[in-house]
Amino acid sequence: MTTSADLLADLVADVDGVFLFSPTGSTYDDYRDLEDEPAVVVAPENDHEADRYVELPLEFDNVRDRIRFGIEGAMDHGYCAEGDVIACAVGVFGDPIDGVIRTPVTESMHSGIYDLFANSRADPNVVRDVFDVAIELGKKGQKGKPVGALFVVGDAGKVMNKSRPLSYNPFEKSHVHVGDPIVNVMLKEFSRLDGAFVISDSGKIVSAYRYLEPGAEGVDIPKGLGARHMAGGAITRDTNAIAIVLSESDGLVRAFKGGSLVLELDPEEY
Ligand SMILES: Nc1ncnc2c1ncn2[C@@H]1O[C@H](COP(=O)(O)OP(=O)(O)OP(=O)(O)O)[C@@H](O)[C@H]1O
Ligand SMILES: [Mn+2]
């Protein structure tokens with residue numbers, strides 16, 4: 001007689017590695033002394049001082065994105081490689097781990113989501129802060145109305161060279177950084193107006209109201225997206241910046257790098 005537990009055990013049979021997504025201390029302790037390869041911890045902080053650790057810069061409510069991020073990060077650290085099969089223990093409904101997902105490490109897992117944070121010119125914390133602003137703006141809108149916004153992050157000198165002002169720059173002589181508490185308020189206020197925000201590698205807001213003029217050649221952007229997304233995508237091909245775009249029409253936050261769409265998030269899920 002086979003029990004359902006036997007069948008379910010097949011899910012984790014013969015895996016090459018176990019990834020624990022934001023485990024509690026006691027869960028991590030249970031795995032600490034495994035005979036096989038130690039588990040990889042994927043979490044916002046390395047609370048348990050795991051030897052094999054991938055930092056999660058955003059919560060990634062979408063479990064697929066979370067797993068993709070963890071696997072790409074782990075590949076980058078040399079914790080797994082193409083062809084491996086991984087058991088990912090994740091919290092789908094909340095904090096404690098409540099699910100296990102078996103996934104092979106394949107080229108198609110590689111969406112560039114890790115690369116976006118880890119290998120951008122801008123500081124990963126700056127990238128995260130800009131995502132936070134875009135997500136918050138997407139949730140709340142401006143006085144209840146949906147707003148769109150375009151943030152170009154990193155390689156600011158080159159971005160400035162490939163753009164022109166649409167209006168006076170309110171950040172001209174200021175030294176405001178994306179992480180500053182006042183910034184959320186300011187960016188929300190200015191996002192009602194046209195153009196892009198330009199942000200430096202270290203998070204300084206260089207300009208608002210920039211009209212981007214990149215070459216649109218060789219840009220691979222899904223059909224149906226308009227000028228804001230096209231300009232945002234294209235500038236990331238012409239420069240080493242990344243673009244984070246909040247769409248006024250569908251409310252989604254998208255990120256572009258190297259001229260391609262690498263991430264799509266729904267602010268309502270955060
Ligand atoms: N080249 C550009 N540089 C900076 N901002 C731009 C550029 N092109 C368009 N925008 C901004 O995007 C706004 C919306 O344009 P459009 O509707 O064509 O874009 P979209 O990609 O469909 O974005 P949304 O999904 O928010 O509607 C414009 O009002 C303008 O503020
Ligand atoms: Mn539009």
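Whatever order the structure lists them in is the order used to number ligands and atoms, beginning at 1. For this chain, numbers begin at 1 and follow the sequence in order.
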Students should be able to answer this: which protein heavy-atom is nearest to [atom], and at what distance?
{"atom": "atom 16 (P) of ligand 1", "answer": "Ala227 N, 3.8 Å"}
{"atom": "atom 31 (O) of ligand 1", "answer": "Asp194 OD1, 2.7 Å"}
{"atom": "atom 25 (O) of ligand 1", "answer": "Ser247 OG, 2.5 Å"}
{"atom": "atom 26 (O) of ligand 1", "answer": "Glu248 N, 2.7 Å"}
{"atom": "atom 24 (P) of ligand 1", "answer": "Ser249 OG, 3.4 Å"}
{"atom": "atom 7 (C) of ligand 1", "answer": "Tyr211 CE1, 3.8 Å"}

Would you indicate which of Leu166, Leu212, Leu150 comes nearest to atom 3 (N) of ligand 1 when only heavy atoms are counted? Leu212
The option among Arg228, His229, Arg254, Arg164 carrying the non-hydrogen atom nearest to atom 11 (C) of ligand 1 is Arg228
Neighbour count >12 (heavy atoms, 6.0 Å) for atom [atom1], [X]:
{"X": "Tyr28", "atom1": "OH", "value": "yes"}
{"X": "Glu213", "atom1": "CD", "value": "yes"}
{"X": "Asp14", "atom1": "CG", "value": "no"}

Is the closest side-chain heavy-atom distance between [X] and [Y] below 4.5 Å?
{"X": "Val253", "Y": "Ile244", "result": "yes"}
{"X": "Asn46", "Y": "Glu55", "result": "no"}
{"X": "Asp76", "Y": "Asn119", "result": "yes"}
{"X": "Val54", "Y": "Phe69", "result": "yes"}

Contact check: [X] vs ligand 1, nitrogen or oxygen atoms, below 3.5 angstrom:
{"X": "Leu225", "answer": "no"}
{"X": "Gly195", "answer": "yes"}
{"X": "Asp250", "answer": "no"}

Under 4.0 Å, counting heavy atoms only: does Met230 come that close to any atom of ligand 1? no
Should Arg68 and Glu72 count as an ion pair when the cut-off is N to O under 4.0 Å? no
For ligand 1, note which part of Arg210 has a heavy atom under 4.0 Å away: side chain, backbone, both or neither. backbone
Heavy-atom pairs closer than 4.0 Å: do any link ligand 1 to the side chain of Ala231, the backbone, both, or neither? side chain
Option passing side-chain contact (heavy atoms from CB on, under 4.5 Å) with Val130 (candidates Val153, Val183, Val152, Ile135): Val153
